[in-house]
Amino acid sequence: MSQNRTARLGLSGMATAAPGDPIVRALPADEFYRHGLNAEMRWEVMRDKGYTVPNASFFVRNHTSTPLIDAETWSLRVFGTGLRSAATAGHAVRFSYQDLLDLPARTVVAAIECAGNGRSFFASQQGQAVPGTPWRLGAIGVAAWRGVPLSVVLDRSGITREAVDVMPYGLDPDYVSGGVNYGPVRRPIPAAKALDDVILAYEMNGAPLPPDNGYPVRVIVPRWAGIASVKWVGAIEVSATPLASYWNTRAYRLFGLAYPARGTLVTTQAVRSAFELEWDARLPAHRDYLLTGRSWSLNGSIARTEISADGGRRWQLAVPRRRRAQSPWPGAAWQLWEFPWRAPGPGSYTLQARATDVGGVTQPATATFNTLGYQFDGIVSHPVTVA
Ligand SMILES: Nc1nc2c(c(=O)[nH]1)N[C@H]1C(S)=C(S)[C@@H](COP(=O)(O)O)O[C@H]1N2
Ligand SMILES: [Mo]
């Protein structure tokens, strides 16, 4: 980002662009699909894994590139008209990395999922072309995030009852698209949500955040689309009037015939399911195979998942692998399941998984179209070759 803007926002901490690749971590081809600036987790990686995704296997969604930030010089600046001190011109509250470590900590097990997860199926299953990263189902990960409740930081910053929106700013380079500079990645969170279950995380699965997932500090907004969980946070604006950015007005809204002209804001996520199986896996004929997978709904936990191996004619219940999500609230993460399948004679087959959440929402045969390809919740046909 330019020195000018850095000064204007009062952002600090040496954010240098990583040389070369916009993603820092190693991306072995048997663990990730690469999509430009982004890396998708291959679902077969999760087959022998526990509840959370190992840090090295976690998907990466970057608007620009991973910045390398020095936690020693980094600080978080909290400012805006929703703070008691707003009357003092230019006043802001600052927290160093150590300040945050010294505040009360909390661990939450939560999913981060891109709103565009599953987007490629609009084209491949429904013949609907949509722009954006053509994810299959690997733009999700679950981790144990440890950090400071955002409410603690906001209270110490003097948030007032008049505050309506809280907007974290990322320290990664400005997002430029079609010749327009939209500034740093940022998206407002309603104050009520910000004060509820949001945390400022500095640890992921017991280790400092990896550079690609937001080191030194990122926001975690449980149950909301990934874009709300701003990485590399450098400033937080607390406002007594509603805030707007590209990310809540232009992008991450549902546009199309099924939606109002101004679009519908993407907040919580859809119901989805994935097999822990290679895409077009080869399985031996006439043999028993234990299919495994996971289903999730960020609207609430999963009531059941059904499997079909015959194109959706017959559905059978999958067996839950752990009774309960290891999470302090329902629906923050996913449900593991398994399903014994006897592979038939040689040929090409599709496997389908269909989840229903506790609210009674079931994955439909066809997802509702929206122009930017968010929230694909349709049943995915996973191809397998039996040989
Ligand atoms: N600063 C910043 N925060 C960001 C992004 C980004 O590009 N810059 N991408 C967002 C999007 S769209 C998603 S889906 C998640 C992805 O988190 P991950 O890369 O840790 O998996 O981060 C969100 N936070
Ligand atoms: Mo995203």
Side-chain angles (χ1 to χ4, degrees), residues 1 9 11 13 15 17-18 22-25 27 32-41 52-69 74 76 110-119 131-135 137-143 145 147 167-177 182-189 198 200-205 207-236 245-248 250-253 266-267 269-270 298 372-376:
M1 88 176 44
L9 291 171
L11 300 175
I23 296 179
V24 170
R25 77 167 40 126
L27 298 171
F32 291 98
Y33 299 110
R34 191 68 195 260
H35 306 284
L37 305 169
N38 311 295
E40 173 171 3
M41 181 191 76
T52 55
V53 176
N55 291 0
S57 304
F58 210 91
F59 85 102
V60 180
R61 160 63 172 126
N62 280 351
H63 280 76
T64 57
S65 60
T66 294
L68 299 178
I69 296 172
W74 174 89
L76 174 67
I112 296 293
E113 185 183 30
C114 190
N117 199 18
R119 176 183 283 124
T133 306
W135 310 105
L137 289 166
I140 184 171
V142 170
W145 309 95
M167 183 154 74
Y169 290 65
L171 287 168
D172 39 339
D174 286 1
Y175 177 63
V176 178
S177 175
Y182 293 101
V185 173
R186 64 199 189 285
R187 192 187 204 238
I189 307 165
V198 177
L200 292 173
Y202 45 73
E203 255 180 47
M204 180 176 179
N205 295 325
L209 294 179
D212 295 313
N213 304 103
Y215 182 86
V217 177
R218 83 175 296 171
V219 180
I220 295 290
V221 184
R223 292 170 293 150
W224 280 39
I227 184 61
S229 294
V230 168
K231 304 192 277 188
W232 315 294
V233 60
I236 297 179
S245 77
Y246 169 82
W247 292 270
N248 73 329
R250 304 274 300 272
Y252 300 95
R253 294 184 78 88
V266 171
T267 57
Q269 285 285 63
L298 304 186
L372 300 176
Y374 298 124
Q375 294 197 322
F376 185 92

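For reference, positions follow the sequence shown, starting with 1. Being a predicted model, the structure only gives us computed values, none of them experimental. Start at 1 and go down the list; that is how both ligands and their atoms are numbered.
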- Message: My understanding is that only residues two or more places apart in sequence, or in another chain, count here; which of them pass side chain to side chain donor-acceptor pair (under 3.5 Å) with Arg253?
- Response: none
Show the distances, to 0.1 Å, for all pairs joining an N/O atom of ligand 1 and a protein N/O atom that are shorter than 3.5 Å, listing one pair per line.
{"unit_1": "ligand 1", "atom_1": "1 (N)", "unit_2": "Asp172", "atom_2": "OD1", "d": "2.9"}
{"unit_1": "ligand 1", "atom_1": "1 (N)", "unit_2": "Asp172", "atom_2": "OD2", "d": "3.3"}
{"unit_1": "ligand 1", "atom_1": "1 (N)", "unit_2": "Lys231", "atom_2": "O", "d": "3.0"}
{"unit_1": "ligand 1", "atom_1": "3 (N)", "unit_2": "Lys231", "atom_2": "N", "d": "2.9"}
{"unit_1": "ligand 1", "atom_1": "7 (O)", "unit_2": "His63", "atom_2": "N", "d": "2.8"}
{"unit_1": "ligand 1", "atom_1": "7 (O)", "unit_2": "His63", "atom_2": "ND1", "d": "2.8"}
{"unit_1": "ligand 1", "atom_1": "8 (N)", "unit_2": "Asp172", "atom_2": "OD2", "d": "2.6"}
{"unit_1": "ligand 1", "atom_1": "9 (N)", "unit_2": "Arg61", "atom_2": "O", "d": "3.3"}
{"unit_1": "ligand 1", "atom_1": "17 (O)", "unit_2": "Arg218", "atom_2": "NH2", "d": "3.2"}
{"unit_1": "ligand 1", "atom_1": "19 (O)", "unit_2": "Arg61", "atom_2": "N", "d": "3.0"}
{"unit_1": "ligand 1", "atom_1": "19 (O)", "unit_2": "Lys231", "atom_2": "NZ", "d": "2.5"}
{"unit_1": "ligand 1", "atom_1": "20 (O)", "unit_2": "Asn213", "atom_2": "ND2", "d": "2.8"}
{"unit_1": "ligand 1", "atom_1": "20 (O)", "unit_2": "Arg218", "atom_2": "NH1", "d": "2.7"}
{"unit_1": "ligand 1", "atom_1": "21 (O)", "unit_2": "Phe59", "atom_2": "O", "d": "2.8"}
{"unit_1": "ligand 1", "atom_1": "22 (O)", "unit_2": "Arg218", "atom_2": "NH2", "d": "3.4"}
{"unit_1": "ligand 1", "atom_1": "24 (N)", "unit_2": "Ser229", "atom_2": "O", "d": "3.1"}

- Note on the structure: Taken in chain and number order and not counting sequence neighbours, the residues that satisfy side chain to side chain donor-acceptor pair (under 3.5 Å) with Tyr33 are Arg136
- Message: Can you confirm whether Arg250 is buried at CZ, in the sense that more than 12 heavy atoms of other residues, nucleotides or ligands lie under 6.0 Å from that atom?
- Response: no
- Locate the shortest heavy-atom distance separating Pro173 from Ser65; write the atom from each residue and the value. CD-O, 3.6 Å
- Message: Can you classify the ring geometry of His63 versus Tyr175 as parallel (below 30°), tilted (30 to 60°) or perpendicular (above 60°)?
- Response: perpendicular
- Message: Under the rule for side chain to side chain donor-acceptor pair (under 3.5 Å), what residues qualify as partners of Thr267, not counting sequence neighbours?
- Response: none
